[in-house]
Amino acid sequence: MKYSRLRLNESGESKETIYQLLYLAAITSSDSNTNYKFNMFVSFCRAYFTNLGQLYVLQDGDKTIAFCFVFDKWNGPTGAYHIHSLSVFKNMRKKGCGRTLLQIVLSDLNGEPAFLECHKSNVEFFERNGFHINHAKSLPYDMHFMYTNSDGSHDSYNGFDMSTISAATEPELDKRFEILGKKFGAIK
């Protein structure tokens with residue numbers, strides 16, 4: 001398996017290829033809600049194209065199998081990286097692909113603090129990979145705030161409003177989401 005770390009102006013990939021990868025990263029989520037997937041796509045695009053995040057892609061040969069989107073560290077040395085999404089194509093789950101990609105990401109972060117939010121059904125997976133539940137921060141919908149390389153007190157994105165970034169592009173992203181959905185057979 002090989003991986004790619006894609007960052008604006010560094011990857012050499014075309015803009016269309018980046019949109020396709022960001023789309024696939026959003027729809028491989030286990031959540032079946034299309035609005036949730038669209039919102040993930042929008043947040044990935046906003047962060048990627050404003051150079052506030054990076055996409056990791058895991059491949060087996062020429063087959064893409066897993067994605068991880070990481071927001072940059074907020075608030076300088078007191079901040080933490082945000083692992084916004086870790087997703088694996090359904091047919092490749094339970095084969096170690098998510099663990100492999102997560103370990104690559106954590107290695108790339110060089111021991112810096114990182115956090116994520118996950119559903120209670122994924123807590124055990126992240127605990128096996130070095131994350132701890134932050135009981136001081138409560139989240140709705142059976143979600144848990146987890147951290148690694150930290151005591152959980154590092155600033156995350158408090159005070160940062162992702163909607164302020166390129167909000168004018170949302171109609172374009174709505175149309176692009178629909179076009180890519182048709183291309184990949186997710187929308188008829």
Side-chain angles (χ1 to χ4, degrees), residues 3 5-7 22 24-48 50-58 65-90 92-165 167:
Y3 81 97
R5 181 181 154 277
L6 306 175
R7 183 158 196 106
L22 294 172
L24 291 171
I27 67 162
T28 57
S29 159
S30 59
D31 194 305
S32 61
N33 183 312
T34 302
N35 285 337
Y36 174 82
K37 292 178 183 195
F38 172 71
N39 289 334
M40 291 295 280
F41 175 69
V42 169
S43 68
F44 294 164
C45 290
R46 286 179 175 170
Y48 185 87
T50 55
N51 211 21
L52 292 173
Q54 55 202 348
L55 176 67
Y56 289 81
V57 180
L58 185 66
I65 54 178
F67 304 92
C68 186
F69 197 91
V70 181
F71 287 133
D72 289 346
K73 198 173 179 182
W74 314 116
N75 300 328
T78 64
Y81 288 95
H82 179 196
I83 298 175
H84 187 49
S85 175
L86 175 66
S87 56
V88 178
F89 278 108
K90 197 172 195 170
M92 295 302 292
R93 292 182 187 154
K94 305 288 184 194
K95 297 180 181 180
C97 301
R99 182 189 74 245
T100 297
L101 188 54
L102 181 60
Q103 292 305 317
I104 288 167
V105 169
L106 293 175
S107 174
D108 210 29
L109 297 181
N110 292 315
E112 291 285 332
F115 74 96
L116 54 82
E117 305 88 8
C118 72
H119 188 267
K120 68 179 180 180
S121 62
N122 295 319
V123 166
E124 188 178 314
F125 168 81
F126 287 109
E127 286 178 331
R128 285 193 315 265
N129 285 282
F131 283 81
H132 309 280
I133 294 177
N134 184 337
H135 295 285
K137 293 190 178 190
S138 61
L139 298 171
Y141 310 113
D142 291 327
M143 299 293 286
H144 292 280
F145 185 90
M146 300 186 78
Y147 62 90
T148 190
N149 302 323
S150 167
D151 61 3
S153 64
H154 281 80
D155 290 338
S156 51
Y157 50 73
N158 295 336
F160 186 85
D161 182 3
M162 190 58 127
S163 68
T164 62
I165 302 173

Minimum-distance pair of heavy atoms, taken over all atoms of Gly98 and Leu86: O-CD2, 3.9 Å
Walk me through whether Val57 and Leu55 qualify under side chain to side chain contact (heavy atoms under 4.5 Å, CB included). CA-CA 6 Å; Val57 180; Leu55 176 67; 3.9 Å; yes
Quick one: does any side-chain atom of Lys37 pair with a main-chain N or O of Ile27 as donor and acceptor, under 3.5 Å? yes
Are any side-chain N or O atoms of Asn51 and backbone N or O atoms of Ala47, one a donor and one an acceptor, separated by less than 3.5 Å? no
Are His82 and Phe115 close enough that some pair of their side-chain heavy atoms sits under 4.5 Å apart? yes
Do Phe38 and Tyr36 have ring centroids that are under 6.0 Å from one another? no
Considering all heavy atoms of both residues, which atom of Arg93 and which atom of Val88 are nearest to each other, and what is their separation? NE-O, 2.9 Å
Between the main-chain N or O of Ala25 and the side-chain N or O of Ser87, is there a donor-acceptor pair closer than 3.5 Å? yes
Assess the residue pair Leu102 and Phe126 against the criterion (side chain to side chain contact (heavy atoms under 4.5 Å, CB included)); give the C-alpha distance rounded to whole Å, side-chain angles, the decisive distance to 0.1 Å, and a yes or no. CA-CA 9 Å; Leu102 181 60; Phe126 287 109; 3.9 Å; yes
Interatomic distance, OH@Tyr141 vs NE2@His119, rounded to 0.5 Å, equals 12.0 Å
Tell me every residue that passes salt bridge (Lys or Arg N to Asp or Glu O under 4.0 Å) with Arg99, counting only those two or more places apart in sequence or in another chain. none
Flag the pair His84 / Phe44 as yes when their ring centroid distance falls below 6.0 Å, and as no otherwise. yes
Before you tell me yes or no, could you show the steps for Phe145 and Tyr147 under ring-ring contact (aromatic ring centres under 6.0 Å, His included), namely the whole-Å CA-CA distance, both residues' side-chain angles and the distance that decides it to 0.1 Å? CA-CA 7 Å; Phe145 185 90; Tyr147 62 90; 7.4 Å; no
Working to the nearest 0.5 Å, report the span between CG of Asn149 and CG of Leu106. 7.0 Å
Compute the centroid of each ring, for Phe67 and then for Tyr56, and state whether the two points are separated by less than 6.0 Å. no
For the pair Val123 and Ile133, evaluate side chain to side chain contact (heavy atoms under 4.5 Å, CB included) and give the outcome as yes or no after the intermediate values. CA-CA 8 Å; Val123 166; Ile133 294 177; 3.6 Å; yes
About how many Å separate OG of Ser43 and OH of Tyr48, when rounded to the nearest 0.5 Å? 15.0 Å
Hey, is the main chain of Leu24 close enough, under 3.5 Å, to the side chain of Thr28 for a donor-acceptor pair? yes
Roughly how far apart are Met146 CE and Asn129 CG, rounded to 0.5 Å? 9.5 Å
Just how far is it from atom CG of Leu52 to atom CG of Asp72, taken to the nearest 0.5 Å? 6.0 Å
Look up atom NE2 in His135 and atom NE2 in His132, then write down how far apart they are to the nearest 0.5 Å. 11.0 Å
Answer yes or no: is there a donor N or O on one side and an acceptor on the other, between the side chain of Ser29 and the main chain of Ala26, under 3.5 Å? no
The salt bridge (Lys or Arg N to Asp or Glu O under 4.0 Å) partners of Glu112 (sequence neighbours excluded) come to Lys73
To check you understand the geometry: which heavy-atom pair defines the closest contact between Ala114 and Leu109, and what is its length? CB-CD1, 4.0 Å
I would like to know whether Glu117 and Asn122 meet side chain to side chain contact (heavy atoms under 4.5 Å, CB included); could you show each step before the answer? CA-CA 10 Å; Glu117 305 88 8; Asn122 295 319; over 6 Å; no
Can you name the closest pair of heavy atoms from Leu101 and Cys68 and give their distance? CD2-N, 3.6 Å
